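This is a predicted model, so every value here is computed, not measured. All residue numbers refer to positions in the sequence shown, counting from 1.
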Amino acid sequence: MAPVPGMFDVFLKHTAAAAIGFFIVAFSTIVFAGYFSAREVDSKKLVPKKKSNLETIAAVPGRFDVFLNHRGPDVKQNFVAHLHEALQEAGCRPFLDKKSLEKGQDGQEKIYEALGCASVHVAIFSEHYADSDYCLDELCAMLKSEKLIIPVFYDVSPSDLRCEDPDGPYTKALKIHGRRSASEVKKWKDALRMAAKLNGFKLDDYNGDEVELKITIVSKVRDHLRASQLPLVPPYQVGLKETSKELIETLNRMEKDVGILSLVGMGGIGKTTLAKEIYYSFEKNHMFVKKSILMNVRENPILDLQKQLARDLFREDVRNVGEFNKCFTRGMDCKVLIVIDDVDQKGQFDQLIPDINKLCLGSRVIITSRDSNVVNNIMKNGNCKYQRHEVALLNTIDSRYLFNWHAFHSIDAIDGFQKLAEKVADACCGLPLALEVIGCFLFDKRGDCALESTWPQTIKALIERKNILDKLMISYDGLSLEERMMFLDIACFMIGQREHIAMQIFESCKFDYEGPAPSFSSLKDKCLVKLDENRQIVMHDLLRDMGRQVVKNESHKMEKGTPSHLWDPEMVQRVLQNKEVVRGLSTFGVGRGDINATNVAENYIGMNRLHFLLLDGDNVKGDFSTWSRELSWLQWRNSDLLALPLELNLQKLAVLDLTSNKQLMQIWPNDLEITYKDLRTLILSNYISII
């Protein structure tokens, strides 16, 4: 059997799998992506022998945004399995019965929970669909919900659903059902007729090409989810609509030319928010067939951004820069809309848009940057229309409105706080991020004590602190010790991490976190961290910089001057060479090669409090026996690893990420006694084979 891209060709020995109650699911217990060679996988090499805490995640309301209604025997093992994986890779959260259920749950109850919380329902009508009363009942529930239903006619036609052919599969199935309940059959017939009227996709229209059909469905689902999800632009932004309207008119005046708009200004002033508002306005009006929004370019690997752009614009999966450039060389087939956020080097733009002239006429690109010189250099050789917009600070009235919204959830301050609120807002100097963070900080401080001390002290501190990071520190200073630790952990290592994986890591750090959920909730309430539409952790780059500055400042007070969190490549090299003690360490960005300090296992000896270790791209060799036993999160991606080192003691490990280790043959050696009782998530993405 040849390997099929996008298909899970993994076979676990049923006895071992049953013994430990273990399922392979995306981003829960074990994450597999890409495809495996079609050979049996020895479960002993993948799974701990002793029962661990690894569990699949239950189907809960809000966790799934796409519901796949289908007849299992017809399509589950091929088309639906591939569609399910493609939706996941596109950032969606599809529900597929057994793959999304926890062992021991009431399946029907959880299926209907998932159906209720999903924003999109995909109904795959196949030959034997109507044989199943479960499928028909789900269809009735989907129609009743009045949410978007995307019909897919897989080797059947709408006329089959209308039972026009007396010998058709649906006609025969309903006749059989009719022997039991006439009222039920009438309800199902009505539902099928309604579904037949909906605009959908027919496999016949794609000449039987399931891949093209799958791509089209995923694109339709993504477009709807982006438009229907809670907007990423908060509804209480002031002065945003007027500015975005003016800039949209400016872009429209560029007519058929390729148009570039740059939004320039200091950090925290609202460039990204404005870019999103323009993007979603265009998206709402369906002005562009293909579009892409690339966030936080300065912090993300360029190849990851290129992969996203290729998926969004070309519907292709690229593996390297060469394949991406080939996509661009072929040119576009329609006008596109692209947002490139937080550019600080011309080379970043050039790698994402190798040739502006390859963009189709009528395309629009929106760039945000703190540095106007970078944008000017980008546009030197651009054969297109260009407009630069300097994003201004908020005026006094808008500043007070925005602050009041965050501090009181109203545009007006409550009685007794009006004058104080005006002074706080004015001291934030018109910077939206400061108004938001300080407003959230003061939201629950309304008693007499707060009126007499907290608010006046905050005003005094804001006036004295001229630097924006110093102003933002007021909110950090008000955190509990546990909240401070979590804020620093996120700022240094966990931006972009999925919420449930981050919580697993925090929960395993039992000495530091008595209850991480309340602390995380508090950070969200104070607007210090947020979750995006995929429930990944996001943090404004100024808040990230503030957190990292706190770590640096604290290290200066220590005798050896060692930061508790290490992310800076130069500092990583120095600390490894001096064998100093840290809490978390990322080697990303440290120069590669076998002679580097990051590749010597003995250099990690002595880090007894090390909880987070990110070894992306490193081929570490040597003695692992004395590595920290406090590790909660080990991320070891893109290495030449063949198997985990035998000597590693990972008793407290909660998350193990071995993504893109192309030579990995097994995780644990045969018959090794594994007792990782805290292991919750094992991520194995982009593999060729495991034997």
Side-chain angles (χ1 to χ4, degrees), residues 6 26 64-70 75-76 78-96 100 114-126 129 135 138-139 141-143 145-158 161 194-232 279-293 307-317 332-338 533-534:
F64 301 99
D65 48 28
V66 186
F67 184 85
L68 299 177
N69 166 248
H70 66 288
V75 290
K76 187 188 293 291
N78 42 65
F79 179 71
V80 170
H82 299 163
L83 177 61
H84 178 262
E85 184 180 357
L87 286 166
Q88 286 183 321
E89 290 176 352
C92 305
R93 293 166 294 177
F95 178 88
L96 182 59
S100 306
L115 188 152
C117 74
S119 303
V120 181
H121 300 138
V122 180
I124 298 138
F125 297 106
S126 55
Y129 176 95
C135 288
E138 288 172 10
L139 177 62
M142 285 161 22
L143 288 164
S145 74
E146 298 184 350
K147 296 177 182 177
L148 176 67
I149 298 177
I150 301 175
V152 180
F153 301 99
Y154 189 93
D155 287 337
V156 297
S157 67
L161 275 64
M194 290 179 66
K197 295 177 183 178
L198 300 174
N199 290 327
F201 303 104
K202 302 176 188 175
L203 181 59
D204 289 345
D205 291 344
Y206 294 83
N207 297 319
D209 189 337
E210 294 187 8
V211 174
E212 283 301 314
L213 175 60
K214 176 186 69 177
I215 291 171
T216 306
I217 295 169
V218 171
S219 178
K220 174 76 174 177
V221 169
R222 286 183 68 190
D223 287 346
H224 178 79
L225 288 177
R226 284 176 172 175
S228 65
Q229 282 168 340
L230 292 174
L232 295 178
Y279 177 89
Y280 288 121
S281 296
F282 278 127
E283 186 174 53
K284 203 179 300 179
N285 295 321
H286 306 289
M287 296 184 65
F288 297 88
V289 176
K290 296 178 180 178
K291 43 206 171 290
S292 185
I293 182 165
K307 288 178 178 179
Q308 180 187 335
L309 200 57
R311 283 193 299 267
D312 292 343
L313 302 186
F314 305 107
R315 306 294 189 255
E316 292 188 23
D317 292 320
M332 305 282 180
D333 57 0
C334 63
K335 63 180 184 179
V336 299
L337 172 64
I338 306 171
E533 66 273 22
N534 296 317

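Considering every non-hydrogen atom in both F125 and A195, the closest pair reads CZ-CB, 3.7 Å. For the residue pair L68 and L87, the shortest heavy atom distance occurs at CD2-CD1, 4.0 Å. Nearest heavy-atom pair, N199 versus P151, reported as atom, atom and distance to 0.1 Å: O-CD, 3.2 Å. L337 and Y279 get closest at one heavy-atom pair: CD2-CD1, 3.7 Å.
Contacts of F79 classified as ring pair (Phe, Tyr, Trp, His ring centres under 6.0 Å), with partners at least two apart in sequence or in another chain: Y154. With sequence neighbours excluded, the residues that form a side chain to side chain contact (heavy atoms under 4.5 Å, CB included) with P158 are F153, R162, A196, K202. For the salt bridge (charged side-chain N to carboxylate O under 4.0 Å, His left out) test, no residue two or more places apart in sequence or in another chain qualifies with K220.
With a 4.5 Å cut-off on side-chain heavy atoms, K291 and F282 do not count as touching. F201 places none of its side-chain heavy atoms less than 4.5 Å from the side chain of V122. Between L83 and V152, every side-chain heavy-atom pair lies at or beyond the 4.5 Å cut-off. By the 4.5 Å heavy-atom criterion applied to side chains, Y129 and N69 are counted as neighbours. Looking at H70 and L96, their side chains come closer than 4.5 Å, going by heavy atoms from C-beta outward. Between V156 and S126, the closest side-chain pair of non-hydrogen atoms is not below 4.5 Å.
Remark: side-chain polar atoms of K147 are not paired, donor with acceptor, to backbone N or O of H121 under 3.5 angstrom.
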